[in-house]
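Note that these values count all heavy atoms, side chains included, but never hydrogens, waters or copies made by symmetry. Note on naming: letters A, B, ... go to the chains in the order of the sequence lines (proteins, then strands), and numbering restarts at 1 for each one.
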2 protein chains.
Amino acid sequence: MPAESDCTEMLDSETKAVETPEDHAEELRLWLRLLTCTTLIEGEVRGRLRQRFDVTLPRFDLMAQLDKAPDGMTLSDVSKRMMVSNGNVTGLVERLVESGHLDRRTSETDRRVQVIRLTKLGRAEFRRMAAEHETWIADLFADLSPKDVRELMRLLAKTKASAQKSAARRRP
Amino acid sequence: MPAESDCTEMLDSETKAVETPEDHAEELRLWLRLLTCTTLIEGEVRGRLRQRFDVTLPRFDLMAQLDKAPDGMTLSDVSKRMMVSNGNVTGLVERLVESGHLDRRTSETDRRVQVIRLTKLGRAEFRRMAAEHETWIADLFADLSPKDVRELMRLLAKTKASAQKSAARRRP
DNA sequence: CCGAATTGTTTTAAGCCTAAAATGTTTTCC
DNA sequence: GGAAAACATTTTAGGCTTAAAACAATTCGG
């Protein structure tokens, strides 16, 4: 018998583990269900934003980030928060500056940095949309009890942590 | 006092409900967390598919649908299952036929309908990718206990039903 | 101080995605 | 039978998105 083994997960069932790969069908189903829920809700919100305010979801999301930051944010900040690529933000901001919702200026202390803020118009429009948006979300989740909501929050926090850990394992 | 009221939700607190709109911050936070989880995992899967197999996530998803349907599917079927627009599927299929992964033919009984299937190549490549994909998902959810997985499945099923109901309320 | 990394943003090329209009086909129902 | 409605798909126009390369400015280490 070997004195030690790094393979802590398998204990003494090495051969079996190799010959019959684990079944991860449950996790797969969970992932598909998670994706379905998000797609469903996202599509609904997208449609309502368009119908009601003639605005796209990405524009709304970007404005939501800025509404929480009265002193503005850099493009990198926005990109990280929204979890989208840098180039994506560049284009989105371009269009929102064009339409008068955003103000963009180069930082005075670091000329690489662009700081963006909501304009008065942008903030007013966002607040108007956000109020209604909140009722849509409430309605979409209406059949969940407060306890369900708490429990989902807890489990999704755990999920997020697990996924972040897994992602970090791949690119440390 | 009015003899009757349609406003069953409010019972006898009409004025209060109007003056102090409900607080739905918890549902909003839940939605953002749900979105974060999905975006995180989706991004990870997207990156791994690209790096490992040089394939995009939408292509993989479409092939996954077809793998479950040996007799093929119509474009509408695919579009409904994937919850994306018709036009989107048209383009996706075009590229996958071009690359030899899909076979497309007009239905003989209804000339409006296009039936698509995986080719031998398409099926082989998909199976190879799917096997690895499953391990990624397992890893991403690794910190959830079997009980967590079951509980999340249950709560997401409830969420899905609630959202579908809400969507149906808007466009009956 | 100065070259080498690093950081922040934009550009590029390709593909994804949607909503709405257009096209062709089948079904419905007088 | 034939007009009208319904259906499946494609086209169109515009916007979103990414990965990777290019560019610009700052910071770091020697």
Side-chain angles (χ1 to χ4, degrees), chain A residues 35 38-40 42-63 72-99 101-102 104-116 171, chain B residues 35 38-40 42-63 72-99 101-102 104-116 171:
Chain A
L35 188 56
T38 299
T39 306
L40 189 59
E42 201 172 58
E44 200 57 27
V45 170
R46 185 194 310 283
R48 297 191 198 202
L49 280 174
R50 169 179 295 275
Q51 276 203 1
R52 196 75 185 74
F53 301 111
D54 192 35
V55 75
T56 66
L57 182 53
R59 275 165 158 92
F60 178 82
D61 285 344
L62 176 38
M63 291 171 84
M73 297 174 79
T74 70
L75 297 200
S76 294
D77 287 346
V78 173
S79 158
K80 281 186 200 98
R81 290 290 195 111
M82 293 181 72
M83 298 195 281
V84 300
S85 66
N86 287 339
N88 190 353
V89 174
T90 297
L92 224 34
V93 166
E94 232 160 46
R95 289 182 286 270
L96 279 167
V97 168
E98 168 69 23
S99 64
H101 294 85
L102 257 57
R104 154 207 250 160
R105 63 186 59 173
T106 303
S107 162
E108 291 179 11
T109 60
D110 184 340
R111 277 180 304 173
R112 287 171 303 182
V113 173
Q114 302 285 318
V115 178
I116 55 176
R171 33 171 177 58
Chain B
L35 188 55
T38 299
T39 305
L40 189 59
E42 200 172 59
E44 200 58 27
V45 170
R46 185 193 310 282
R48 296 191 200 202
L49 280 174
R50 169 179 294 277
Q51 276 204 1
R52 196 74 184 75
F53 300 112
D54 193 33
V55 75
T56 67
L57 183 52
R59 276 166 159 92
F60 178 81
D61 285 343
L62 176 39
M63 293 171 83
M73 299 174 79
T74 70
L75 296 201
S76 294
D77 287 346
V78 173
S79 158
K80 281 186 200 96
R81 290 291 196 109
M82 292 181 72
M83 299 195 281
V84 300
S85 67
N86 288 338
N88 189 355
V89 173
T90 296
L92 223 34
V93 166
E94 232 161 46
R95 288 183 286 272
L96 279 167
V97 167
E98 167 70 23
S99 63
H101 293 85
L102 258 57
R104 152 206 253 162
R105 61 187 60 174
T106 303
S107 161
E108 291 178 10
T109 60
D110 185 340
R111 276 182 305 173
R112 287 172 302 183
V113 174
Q114 302 285 318
V115 178
I116 54 176
R171 36 170 174 58

Where protein sits on nucleotides 2-14 of chain C, one letter per nucleotide: B base, S sugar-phosphate only, - none, heavy atoms under 4.0 Å
-----BSBBB---

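- For B/T109 and B/S107, the side-chain atoms include at least one donor-acceptor pair closer than 3.5 Å.
- OP1 or OP2 of D/dT26 lies within a sub-4.0 Å distance of a side-chain N or O belonging to A/R111.
- For C/dA20, the OP1/OP2 oxygens have no side-chain nitrogen or oxygen of A/R50 closer than 4.0 Å.
- For the pair A/L62 CG and D/dT17 P, the interatomic distance rounds to 10 Å; values are reported in whole Å.
- At distances below 3.5 Å, not a single donor-acceptor pair connects side-chain atoms of B/T38 with backbone N or O atoms of B/L35.
- No side-chain N or O of A/T74 forms a donor-acceptor pair with one of A/Q114 less than 3.5 Å apart.
- Straight-line distance from the CD atom of B/E44 to the C1' atom of D/dA19: 15 Å, rounded to whole Å.
- Across D/dC16, C/dC16, C/dA19, the shortest atom-to-atom separation from the side chain of A/R46 is found for C/dA19.
- Taking atom CZ of B/R171 as the reference point, atom P of C/dA19 lies 10 Å away to the nearest angstrom.
- The shortest side-chain heavy-atom distance between B/E42 and B/L57 falls under the 4.5 Å cut-off.
- Put simply, CG on B/L49 is 13 Å from P on C/dC16, counting in whole angstrom units.
- For the pair A/R95 and D/dG14, the criterion of a side-chain N or O lying under 4.0 Å from OP1 or OP2 is not met.
- Rounded to an integer number of Å, the gap from CD of B/Q51 to P of D/dT18 is 16 Å.
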Kindly indicate, with the supporting measurements, whether the criterion salt bridge (Lys or Arg N to Asp or Glu O under 4.0 Å) is fulfilled by A/E98 and A/R104.
CA-CA 10 Å; A/E98 168 69 23; A/R104 154 207 250 160; over 6 Å; no

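- As judged by a 4.0 angstrom heavy-atom cut-off over every strand, A/L57 is placed among residues making no nucleic acid contact.
- In this structure, A/S79 contributes its side chain and A/V84 its backbone to a donor-acceptor pair below 3.5 Å.
- The nearest whole Å value for the distance from the CG atom in B/D54 to the P atom in D/dA19 is 13 Å.
- Between the CZ atom of A/R59 and the P atom of C/dT18 there is a distance of 17 Å, given to the nearest Å.
- Counting heavy atoms of neighbouring residues, nucleotides and ligands inside a 6.0 Å radius, atom CZ of A/R48 exceeds 12 of them.
- Look at CD on A/E98: it is 10 Å from P on D/dG15, rounded to the nearest Å.
- In this structure, A/T56 reaches the D/dC16 phosphate: one of its side-chain N or O atoms is under 4.0 Å from OP1 or OP2.
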